2 protein chains.
Amino acid sequence: MATIREVAAHAGVSPATVSRVMKGEVRVNQKTRERVEAAIAALHYAPNVFARSLASNRLGGVGLVISHLAGPFMGRVMMTLEAALRRANVSLLVASGGGEAEREQEAVDFLLGRRCDGLIVHADALEDATLAALATTTPMVVFNRLVPDIAAHCIHLDNECGGYLATRHLLDQGHRHIACLTGPLRQQDAAGRLAGYRRALREQGIEADEHAIIEGDFTERSGEQGMATLLARGTTVTAVVTGNDDMALGVMTALRARNWQVPQQISLIGYDDEACARHVVPALTTIHAPLEEMAEAAAHRLLALIEGASPAPSSPFVPTLIERGTVAPPMA
Amino acid sequence: MATIREVAAHAGVSPATVSRVMKGEVRVNQKTRERVEAAIAALHYAPNVFARSLASNRLGGVGLVISHLAGPFMGRVMMTLEAALRRANVSLLVASGGGEAEREQEAVDFLLGRRCDGLIVHADALEDATLAALATTTPMVVFNRLVPDIAAHCIHLDNECGGYLATRHLLDQGHRHIACLTGPLRQQDAAGRLAGYRRALREQGIEADEHAIIEGDFTERSGEQGMATLLARGTTVTAVVTGNDDMALGVMTALRARNWQVPQQISLIGYDDEACARHVVPALTTIHAPLEEMAEAAAHRLLALIEGASPAPSSPFVPTLIERGTVAPPMA
DNA sequence: CGCCATCATGAAACCGGTTTCATGACAATC
DNA sequence: GATTGTCATGAAACCGGTTTCATGATGGCG
């Protein structure tokens, strides 16, 4: 592999000039530039990334910290992220944290130890304060979460809106008694969705029935249990909004076990639009997040931060309702 | 950030000695080692990875080339890979190809340009010859595919066995007329599964009905169409094995549209054990691949190759049957 | 014509480790 | 006691870019 000095010798210039040509600097004579470019082509010169990193103190790559790599939509997110970064000739290092704060911190430290130029963090467990501190140290964007102190570093979804959309859709169909099976409420997304649920009810002058609001943990199992609890209480709800699709799946299981018909006897709405949502029967009506757009935005935001741009706050991304087969008007 | 020279000065030794201590070399006096370690701790010294890479010509990271990042099980694979590599203090760079040969090649080139120490390649579109050539250039393991010329570099699944297992299960239940909706037969995995299907039939002295073998392309749609074709022909099959779970989902759709009952009127078996398989109703009986074990093996194999081990061929991983709700004995 | 600004370019220092080779100390051997 | 071998260690070269600073050339302006 040719070095910059060999190229320089071949073109009859100094290594400094080759370096200038490589980075497309203006201060190079046209003739010289052409000679250097010819030499580069002739020798198939490709700069040594290690030397470049050492000298410039830049990796040319960013790190992605993911809580659950195996989660239902990380693939879609990574796909877009990777493509956007590669277009900028920036590589993507991945480290996973498995949803525990300690392991997420390890992932961050690992990537920082590799001297990534920046970080995209999709972490459930790390505390706001930790993330805020990190943002002062290194270019960073937080994905799918709003950390108030560093809002300008966050690419997030308007979960309140999503919760509202779901509930509103049921209200529009005529439902008046709607249950809400939430995710863990210490998690921002779950809390936001619940807030949207409450707002939709309030708007219609309906008072929320606190017995019909059950906190789960985003697992299918917790959806099943939540619905079972509701039914055991002899609930009169005609519809259920859930914290995510997994929980909705659990709800369907609980209902099926008791021979309730969806949507004839009870309507149901999920959240996330996972692959499964399309495939269950009846297909799940749900809330869709523009993950690809969000990923694209995250990549661009991070690249800008690395270039020294000052973080500019942006509005949250808005989810949309996907109507499928689990919502119908309530029975008379 | 402290440099190795500062540590050396602090410990009253030369940088060379610090370097020796860092890599745990034996040829260091116990007393000296302790002094150096104290200095390292006192200065919070962490070696500069760029300098290390430049001097040692090693990145300390490997590349993962993925055809479809958003595919149904890449998450599970990446999760395990990343964990195994990180334990060895090796980082993971990811590049996606999107299923086209050209883009897959770009991904490979990109990662090679970043001087990865090795490559894990999960590519559908790249040719065997290309991969074989690559293996001579750089440490590499091929994931979920068998390239005959470099079998020792391949971590793959015994698809023939999977196809056999599925078909055999149906035969054991008493089915005698079984359709097979395959993936694209130019793809090794699809062809292997079909071969297993044929062997299972042959073993029972049943001649395969070529009209009941339809080539699809692994999409849900192709499963639906395949089943529709079969039904339109007034088929007499009592069971269907499909190329993957997506196709099985399509089959279920086609059957539901015509009011056929699964598994009472027709049995069905998928392949891959995707997340959805558990959730559809009835839950899909399918073939499960030990992806985590395979990923673990891929990581270890690659790390060994990087250390200079000579590639040792290994036997394919064997899939297992997951019995759920889509298989029953044929009607009398 | 002389002075100064502008521009293109090269020399050399620098980034911070790793590794080779030389050296000196000490012990074992004859 | 001289020789040889082993061991711990340091000096310095090296990896291959980037960047600063100096320099010489060119040209515009008074």
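All values below were derived from every heavy atom in this structure, side-chain atoms included, with hydrogens, water molecules and symmetry-related copies excluded. In this text, all values refer to a predicted model and were calculated from it rather than measured experimentally.
Contact annotation for A:Thr3: backbone-only contact, meaning every heavy-atom pair under 4.0 Å involves sugar-phosphate atoms and none involves a base. B:Ala2 comes within contact range of the sugar-phosphate backbone alone, with a heavy-atom separation under 4.0 Å but no base atom that close. A:Thr17 comes within 4.0 angstrom of the backbone, heavy atoms only, and of no base. Among the protein residues, A:Val13 comes within range of the sugar-phosphate backbone only, with heavy atoms under 4.0 Å from sugar or phosphate atoms but none that close to a base.
DNA chain D is contacted by no residue of residues 35-51 of chain B, taking any non-hydrogen atom closer than 4.0 Å.
Out of C:dC15, D:dC15, D:dA11, the shortest distance to the side chain of B:Ser14 is found at D:dA11. Across D:dG10, D:dT19, C:dG17, the shortest atom-to-atom separation from the side chain of B:Ala16 is found for D:dG10.
Between C:dA8 and A:Arg20, no contact under 4.0 Å exists linking OP1 or OP2 to a side-chain N or O. Contact check, B:Lys23 against C:dG17: no side-chain N or O comes under 4.0 Å of OP1 or OP2. Contact check, B:Ser19 against C:dT18: a side-chain N or O comes under 4.0 Å of OP1 or OP2.
Between B:Pro47 and B:Ile4 there is no side-chain heavy-atom pair separated by less than 4.5 Å.
The base of C:dG17 sits with one of its N or O atoms less than 3.5 Å from a complementary donor or acceptor on the side chain of B:Arg5. Judged by distance alone with a 3.5 Å cut-off, no donor-acceptor contact links the side chain of A:Arg58 to the base of D:dG17.
More than 12 non-hydrogen atoms from other residues, nucleotides or ligands lie less than 6.0 angstrom from CD of A:Glu34.
Side chains of B:Arg301 and B:Ser314: a donor on one and an acceptor on the other come within 3.5 Å.
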